[in-house]
Amino acid sequence: MWRRVTLLSPMISSSSRSQAAFGLTARKSFATEIINSEERVSPSKEKAPFITFVLGGPGSGKGTQCERIVETFGLTHLSAGDLLRREIALNTKNGATILNLIKDGKIVPSEVTVKLLQKELESSDSSKFLIDGFPRTEENRVAFERIVRADPDVVLFFDCPEEEMVKRVLNRNQGRVDDNITTMRKRLKIFEALNRPVIEYYKNKGKLYTINAVGDVDDIFQQVLPIFSSFEQLKESRNVNPKTSLVEN
Ligand SMILES: Nc1ncnc2c1ncn2[C@@H]1O[C@H](COP(=O)(O)OP(=O)(O)O)[C@@H](O)[C@H]1O
Ligand SMILES: O=c1ccn([C@@H]2O[C@H](COP(=O)(O)OP(=O)(O)O)[C@@H](O)[C@H]2O)c(=O)[nH]1
Ligand SMILES: [Mg+2]
């Protein structure tokens, strides 16, 4: 279980949050601490988690590619949309508000989404996460940094033309309340206005990997493979799948 060492938090002044400084502090703040002598912390938990943000417009194939990444590299998939839909299904206190926002293609307040993600990150035994469909806005991004105190190692961007995304969403067939043309049009506008700046942010930080999201699912995954293969932290858990390893590198 990941635990933040909250005592470290006041040491970070807003002015010292350069990428390097923030990254270093985030890593330290993810160090586990032994709360009491009865609690055992495994050595692997002393390292910072490996975090990937998966971005792209609605229907660009984020969820589909995440499944492939999980199969091959064993990362833990956290879909922000799925966590929000679970709140609706469980009828929690935020459930009704979340439902209305999703129906309207709007973004759920950062506090709500970040808290859900934080809970999953902290309670998981995993040390490698794929955070799918988040951050959707600059405000989301800043809230994650502030609350979770972690930075992504990799940001994937599935780049897909609008007409292709519309076609896919309208054929998705998962009974989602937002898979209709009216909501989809709103979502595309929100994507351009609010998610593009996040993509630009990570591009400027040198963390962005842009994937051409048009074509066969397997061919798209072939663009993703070398990105993850290059990270030492993921090598030991690499699950060699003959279907996906043929064209590697
Ligand atoms: N490369 C692809 N070509 C055609 N259809 C795809 C492709 N990738 C995913 N799909 C389909 O498009 C729909 C949206 O994909 P999904 O992975 O849910 O996207 P996102 O999570 O980005 O909204 C799904 O029905 C999925 O099966
Ligand atoms: O960080 C997030 C992720 C999702 N959503 C809401 O959940 C919807 C569906 O998101 P999801 O990622 O499941 O959609 P996808 O892009 O996969 O179609 C979005 O339109 C938003 O209304 C949100 O508010 N914040
Ligand atoms: Mg999705």
Side-chain angles (χ1 to χ4, degrees), residues 51-71 77-89 94-121 129-145 147-148 152 155-196 198-199 211-224:
I51 293 179
T52 299
F53 284 158
V54 182
L55 306 181
S60 57
K62 301 181 292 299
T64 305
Q65 292 297 322
C66 281
E67 278 179 30
R68 305 297 296 270
I69 298 166
V70 168
E71 268 170 33
H77 182 202
L78 299 179
S79 156
D82 284 352
L83 292 175
L84 293 168
R85 283 184 285 273
R86 191 174 71 188
E87 291 298 289
I88 300 171
N94 292 319
T97 313
I98 295 171
L99 174 61
N100 286 329
L101 290 167
I102 289 184
K103 265 190 195 158
D104 211 17
K106 294 196 174 126
I107 307 300
V108 173
S110 298
E111 180 93 348
V112 173
T113 315
V114 173
K115 286 277 160 66
L116 292 172
L117 287 169
Q118 184 185 33
K119 211 166 123 201
E120 297 297 315
L121 289 165
F129 298 93
L130 274 180
I131 301 188
D132 167 7
F134 179 93
R136 233 104 184 173
T137 65
E138 276 288 277
E139 201 223 332
N140 273 176
R141 178 183 69 70
V142 172
F144 186 86
E145 286 181 0
I147 298 171
V148 179
V155 180
L156 298 182
F157 166 45
F158 290 96
D159 192 10
C160 194
E162 288 198 355
E163 61 276 19
E164 176 69 16
M165 293 195 277
V166 171
K167 206 168 71 186
R168 291 183 191 175
V169 160
L170 296 184
N171 286 310
R172 181 150 45 188
N173 253 336
Q174 290 176 1
R176 280 176 49 167
V177 291
D178 50 349
D179 282 353
N180 59 74
I181 189 64
T182 311
T183 310
M184 184 56 182
R185 287 207 181 104
K186 292 181 189 171
R187 294 190 67 197
L188 289 171
K189 280 195 182 135
I190 287 181
F191 171 73
E192 285 304 328
L194 303 180
N195 206 209
R196 281 279 176 202
V198 180
I199 293 163
I211 312 289
N212 172 7
V214 183
D216 191 75
V217 172
D218 285 343
D219 293 340
I220 295 166
F221 187 63
Q222 288 301 329
Q223 297 176 63
V224 175

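Values reported hereafter were calculated over all heavy atoms of this structure, with side chains retained and with hydrogens, waters and symmetry mates removed. Numbering of ligands and ligand atoms starts at 1, following listing order.
- Nearest residue to atom 2 (C) of ligand 2 from G63, G133, G57 is G133 (criterion: closest heavy atom).
- Contact annotation: the side chain of F129 never approaches that of L117 to less than 4.5 Å [non-hydrogen atoms, C-beta and beyond].
- In summary, the atoms of ligand 2 found under 4.0 Å from a heavy atom of R85, numbered by their order in the structure, are 9 (C), 13 (O).
- At a heavy-atom cutoff of 4.0 Å, ligand 2 is contacted by both the backbone and the side chain of V108.
- At least one side-chain heavy atom of R185 sits less than 4.5 Å from a side-chain heavy atom of I181.
- Among protein heavy atoms, atom 25 (O) of ligand 1 sits closest to R172 CA, 3.6 Å.
- Per-residue contacts place T113 under 4.0 angstrom from the following atoms of ligand 2 (heavy atoms of the residue considered): 1 (O).
- Distances below 4.0 Å separate heavy atoms of I107 from the following atoms of ligand 2: 24 (O).
- Under 4.0 Å from ligand 1, the heavy atoms of I220 that appear belong solely to its side chain.
- The contact set between ligand 1 and G63, taken as ligand atoms under 4.0 Å from a residue heavy atom, comprises 17 (O), 21 (O).
- Of the charged side-chain nitrogens involved, at least one lies within less than 4.0 Å of a carboxylate oxygen, so that K167 and E164 count as a salt-bridged pair.
- Among all protein heavy atoms, the one lying closest to atom 1 (N) of ligand 1 is G215 O, 2.8 Å.
- Here the heavy atom of the protein found nearest to atom 4 (C) of ligand 1 is R168 NE, 3.6 Å.
- Of the N and O atoms on the side chains of N180 and T183, at least one donor lies less than 3.5 Å from an acceptor on the other residue.
- Close approach to A80 involves these atoms of ligand 2, each under 4.0 Å from a residue heavy atom: 1 (O), 2 (C), 3 (C).
- Atom CZ of F53 sits about 11.5 Å away from atom CG of D132, to the nearest 0.5 Å.
- Atom CD of E138 is surrounded by more than 12 heavy atoms from other residues, nucleotides or ligands within 6.0 Å.
- In this structure, the side chains of V148 and V114 come closer than 4.5 Å at one or more pairs of heavy atoms.
- When heavy-atom distances to ligand 2 are checked against a 4.0 Å cut-off, K106 comes that close only through its backbone atoms N, CA, C and O.
- For the pair I147 and E111, the minimum side-chain heavy-atom distance is below 4.5 Å.
- Polar contact with ligand 1: absent for D216 (N/O pair, distance under 3.5 Å).
- Taking a cutoff of 4.0 Å between a charged side-chain nitrogen and a carboxylate oxygen, R86 and E120 qualify as a salt bridge.
- If you look at L84 next to ligand 2, the close heavy atoms, those under 4.0 Å, all belong to the side chain.
- Against a heavy-atom cut-off of under 4.0 Å, K62 is close to the following atoms of ligand 2: 15 (P), 16 (O), 17 (O).
- Classified by interplanar angle (parallel below 30°, tilted 30° to 60°, perpendicular above 60°), the ring pair F134/F144 is tilted.
- In terms of protein heavy atoms, atom 19 (O) of ligand 1 is closest to G61 N, 3.1 Å.
- Heavy-atom proximity to F134, at under 4.0 Å, picks out these atoms of ligand 2: 1 (O).
- The nearest non-hydrogen atom to atom 7 (O) of ligand 2, considering only I102, T137, D179, comes from I102.
- Rounded to the nearest 0.5 Å, atoms CG (D219) and CG (N212) are 10.0 Å apart.
- Per-residue contacts place V217 under 4.0 angstrom from the following atoms of ligand 1 (heavy atoms of the residue considered): 1 (N), 2 (C), 7 (C), 8 (N).
- Nearest to atom 9 (C) of ligand 2 by heavy-atom distance, out of R136, R172, R176, is R176.
- Using a distance-only test at 3.5 Å, with no hydrogens or angles considered, a donor-acceptor pair links the side chain of Q65 to the main chain of V217.
- Residue Q174 has no N or O atom closer than 3.5 Å to an N or O atom of ligand 1.
- Nearest protein heavy-atom contact of atom 16 (P) of ligand 1 is T64 OG1, 3.6 Å.
- Residues L101 and P109 form a side-chain contact, since some pair of their non-hydrogen atoms from C-beta on lies under 4.5 Å apart.
- In the vicinity of G57, heavy-atom distances shorter than 4.0 Å reach the ligand 1 atoms 22 (O).
- Between F157 and R196 the shortest side-chain heavy-atom distance falls below 4.5 Å.
- Every heavy atom of G56 sits 4.0 Å or more from the atoms of ligand 1.
- Within the 4.5 Å cutoff, the side chain of S79 has heavy atoms near those of the R85 side chain.
- Here the heavy atom of the protein found nearest to atom 20 (O) of ligand 2 is R187 NE, 3.0 Å.
- With a 4.0 Å heavy-atom cut-off, ligand 2 is reached by no atom of D132.
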